[in-house]
Structure formats: structure tokens, C-alpha cells
Visitor: 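Input: one structure, supplied below.
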Amino acid sequence: MATQSTKPVVLITGSSSGIGKATALYFAQRGWQVVATMRTVAKAPRDIQEQSNITLLPLDVTDHTSIDRAIQDTLQLFGKIDAIVNNAGYGAVGAFEAATEEQIRRQFDTNVFGLMNVVRGILPHFRARKQGTIINVASMGGRITFPIYSIYHGTKWAVEGFSESLQYEVAQFGIRVKIIEPGAISTDFYDRSMDVLRKDGLTDYDRYVDVAFKNSQAEGEKAPGPEVVARTIFIAATDNSNRLRYVTGSALTKVLMFFRRVLPHSAFSGIVKSVVEKGL
């Protein structure tokens with residue numbers, strides 16, 4: 001075991017771009033020792049590579065051996081892990097009927113089971129230390145839903161339920177669980193990281209999907225950048241509270257989350273339709 005780092009140590013999954021990359025840089029700039037993980041370290045952005053207190057390690061959340069190796073390598077280097085940020089994920093978008101079983105399984109393997117794999121891997125270390133913070137990046141879409149995101153929403157609602165229940169089990173060991181709920185954020189979620197669902201011969205949904213997709217993309221294009229989420233993740237890691245949920249993003253995100261709490265479903269669904277089905 002290495003000499004324990006005098007700096008707090010955070011391990012972040014999905015650090016090659018978007019929220020993960022912004023979070024790695026944000027923590028590093030505030031004096032943390034950051035372990036930025038991604039499936040292919042060779043593809044790490046230059047600004048991540050150039051930070052002296054960022055260490056790059058390969059980690060694929062769907063590969064148990066990869067997870068265990070990354071955690072053990074981090075402990076060998078720094079002697080401890082103070083917080084873990086489960087950020088790796090992507091969105092499958094389109095009509096549910098167009099999704100293949102393989103697409104559905106891959107979405108859950110990454111966004112749900114992959115996250116659970118990482119949590120299961122870190123818990124023995126956190127239990128032994130009687131402290132640690134698990135930060136799970138869910139989504140505004142873990143508590144509200146939009147058209148053509150049914151599979152993605154299914155994964156994020158699962159993360160919400162898993163995290164909320166887990167907090168009770170691990171509180172006795174001094175472990176905190178946090179859920180980050182971003183709204184629309186300007187990242188490659190709306191481009192490279194998106195799996196668009198199509199099925200040959202199935203055209204009945206095309207007009208609806210095209211309109212909903214166009215309106216969703218428009219919201220993403222005017223959304224704030226990932227730095228706003230990075231700041232929220234840092235707050236969750238350092239506020240020493242037992243607060244569970246952290247909503248982040250634009251003012252619209254916070255308004256929608258408020259309306260979801262106070263309005264009946266019929267009224268709230270009308271708001272969703274007015275935004276996502278505009279022009280249908």
C-alpha cells in the first residue's frame with residue numbers, strides 16, 4: 001500500500017468528455033488528487049493529460065476486472081479514495097418499439113449495472129475506512145420523463161431508487177450517497193454519446209420522433225455547459241451533509257422539477273407536450 005495521500009482523492013468514471021472531463025478538471029483545480037478513468041486512456045483530452053494532479057486509468061464499467069484493477073491501482077498510488085463519481089453513461093433515444101433487446105440491455109448494462117458494479121467495488125474500502133462519498137450522476141430524467149427517452153429514463157429512475165435505498169444501508173459506516181440531477185447540459189450527450197433507435201420497416205413513429213428529437217436537440221444546444229454540473233458534484237463531495245439530491249442546470253431545469261412536485265400529472269404532462277411536441 002502506498003503512503004496515504006495528504007490530498008483528498010476522487011475517482012471519476014467516464015472522464016474522457018462532457019461532465020466527467022469537466023468534473024476531473026474542477027476537482028484538480030481545487031487541490032484534489034483526481035483519478036480520471038475512461039475506457040481508452042489513449043483518447044484522453046490534452047487538458048486532462050496536462051494536469052499534474054490528474055492520473056489517467058482505464059476503466060470500463062461493464063467489466064468487473066477493469067473496475068477492480070482501477071480501484072486497486074488507485075489505492076496503490078494514493079493509499080485511499082475519499083469519493084467516487086459514477087458519471088459514465090449515455091442515452092438511447094427513439095420509439096421504444098424500435099429498440100432491439102441488445103440496445104436495451106446495453107443501455108442498462110452501462111447506466112445501471114455498470115454504476116452498481118463500481119459501487120460494489122468501492123464499498124469494502126469505504127467500510128474499512130468508516131467514511132467515503134458515493135456520487136451517482138442520475139438526471140432530471142430520473143424523476144420526470146420526456147417522449148422518446150423511455151429506455152434512458154428507465155435507467156435513471158433505477159439509479160434514483162437504488163441510490164435512495166442504498167443510503168440507509170451504508171450510513172452506519174459513515175458513507176454518504178449523493179444523487180446529481182442535471183437537466184439539459186451542452187455536451188456530446190446530444191451527439192456522439194447518443195444511440196438513436198431505428199427499426200427497418202417501422203415508420204409509424206417517424207414524424208413524432210423527428211419532431212420530439214428536433215425539439216430536444218434545440219434545448220440541448222442552448223443549455224449550460226458541463227462546468228455547472230462539475231460545481232454541483234464538488235459541492236456534494238465537500239458539504240459534509242446528508243443531503244441526498246442535487247438538482248443542477250438551467251433555471252428551466254429547476255422550474256420543471258418544482259412543477260413536477262406540485263402539479264398533478266395531467267397538468268405537468270401538458271407542459272412537457274408543449275415543449276417536446278411543439279410543431280407536431
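Treat the numbers as computed from the prediction; the structure is a model and nothing was measured.
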Visitor: Which pairs, with at least one residue in residues 253-274 and sequence neighbours excluded, count as a salt bridge (charged side-chain N to carboxylate O under 4.0 Å, His left out)?
Guide: none

Visitor: Is there a side chain to side chain contact (heavy atoms under 4.5 Å, CB included) between Val159 and Asn111? Walk through the geometry before answering.
Guide: CA-CA 8 Å; Val159 168; Asn111 291 12; 5.6 Å; no

Visitor: side-chain hydrogen bond (donor to acceptor under 3.5 Å, both in side chains) between Ser163 and Asn136: does it pass, once the steps are laid out?
Guide: CA-CA 8 Å; Ser163 302; Asn136 294 331; 2.9 Å; yes

Visitor: What pairs meet the salt bridge (charged side-chain N to carboxylate O under 4.0 Å, His left out) rule with one or both residues in residues 129-145, with sequence neighbours excluded?
Guide: Asp82-Arg129, Arg143-Glu181

Visitor: Is there a side-chain contact between Thr6 and Gln33, using heavy atoms and a 4.5 Å cut-off?
Guide: no

Visitor: Do we get Arg243 above Tyr246's six-membered ring, with its NZ or CZ under 6.0 Å from the centre and within 45° of the axis?
Guide: yes

Visitor: Would you kindly check if the NZ (Lys) or CZ (Arg) of Arg30 is within the cone defined by 45 degrees around the ring axis of Phe27 and under 6.0 Å from the six-membered ring centre?
Guide: no

Visitor: Any luck finding a side-chain donor-acceptor pair between Asp109 and Thr62 under 3.5 Å?
Guide: no

Visitor: Would you say that Arg207 contacts Leu280 through its side chain, given a criterion of any heavy-atom pair below 4.5 Å between the two side chains?
Guide: yes

Visitor: Mind running side chain to side chain contact (heavy atoms under 4.5 Å, CB included) on Ile134 and Lys178 for me, showing each step along the way?
Guide: CA-CA 6 Å; Ile134 297 167; Lys178 310 282 187 169; over 6 Å; no

Visitor: Could you check Phe268 against Phe259 for ring-ring contact (aromatic ring centres under 6.0 Å, His included), going step by step and ending with a plain yes or no?
Guide: CA-CA 7 Å; Phe268 184 76; Phe259 282 161; 7.7 Å; no

Visitor: Could you give all pairs that pass the side chain to side chain donor-acceptor pair (under 3.5 Å) test and reach residues 46-59, with sequence neighbours left out?
Guide: Lys21-Asp47

Visitor: Please report the closest heavy-atom contact between Val61 and Ile67, naming both atoms and the distance.
Guide: O-CD1, 3.5 Å

Visitor: To the nearest 0.5 Å, how far apart are CD in Gln103 and CZ in Phe108?
Guide: 13.5 Å

Visitor: Could Asp239 and Arg231 be called an ion pair, given the rule that one side-chain N must be under 4.0 Å from one carboxylate O?
Guide: no

Visitor: Can you give me the closest heavy-atom contact between Tyr152 and Gly91, atom names plus distance?
Guide: CD1-CA, 3.7 Å

Visitor: Side chain to side chain contact (heavy atoms under 4.5 Å, CB included) between Ile233 and Ile19: does it pass, once the steps are laid out?
Guide: CA-CA 10 Å; Ile233 292 172; Ile19 292 171; 4.1 Å; yes

Visitor: Where is the tightest heavy-atom contact between Pro58 and Ala70, given as atom of each residue plus distance?
Guide: O-CB, 3.8 Å

Visitor: Are Ser216 and Val276 close enough that some pair of their side-chain heavy atoms sits under 4.5 Å apart?
Guide: yes

Visitor: A side-chain contact here means heavy atoms from C-beta on lying under 4.5 Å apart; do Met38 and Ser15 qualify?
Guide: yes

Visitor: Heavy-atom distance under 4.5 Å between the side chains of Gln4 and Phe78, does that happen here?
Guide: no

Visitor: Can you confirm whether Leu263 sits close enough to Ile271 that some side-chain heavy atom of one is under 4.5 Å from a side-chain heavy atom of the other?
Guide: yes

Visitor: Tell me, yes or no, whether the heavy-atom count around Glu101 atom CD, taken from other residues, nucleotides or ligands under 6.0 Å, exceeds 12.
Guide: no

Visitor: Would you call Arg106 and Asp195 a salt bridge, using N to O less than 4.0 angstrom?
Guide: yes

Visitor: Do Val229 and Thr23 touch side chain to side chain, with heavy atoms closer than 4.5 Å?
Guide: no

Visitor: Evaluate Val85 against Leu11 for side chain to side chain contact (heavy atoms under 4.5 Å, CB included), listing each step before the verdict.
Guide: CA-CA 6 Å; Val85 179; Leu11 186 152; over 6 Å; no

Visitor: Got a sec: does the CZ of Phe96 have more than 12 other heavy atoms crowding it under 6.0 Å?
Guide: no

Visitor: What are the two closest non-hydrogen atoms of Trp32 and Ala83, and how far apart are they?
Guide: CZ3-CB, 4.2 Å

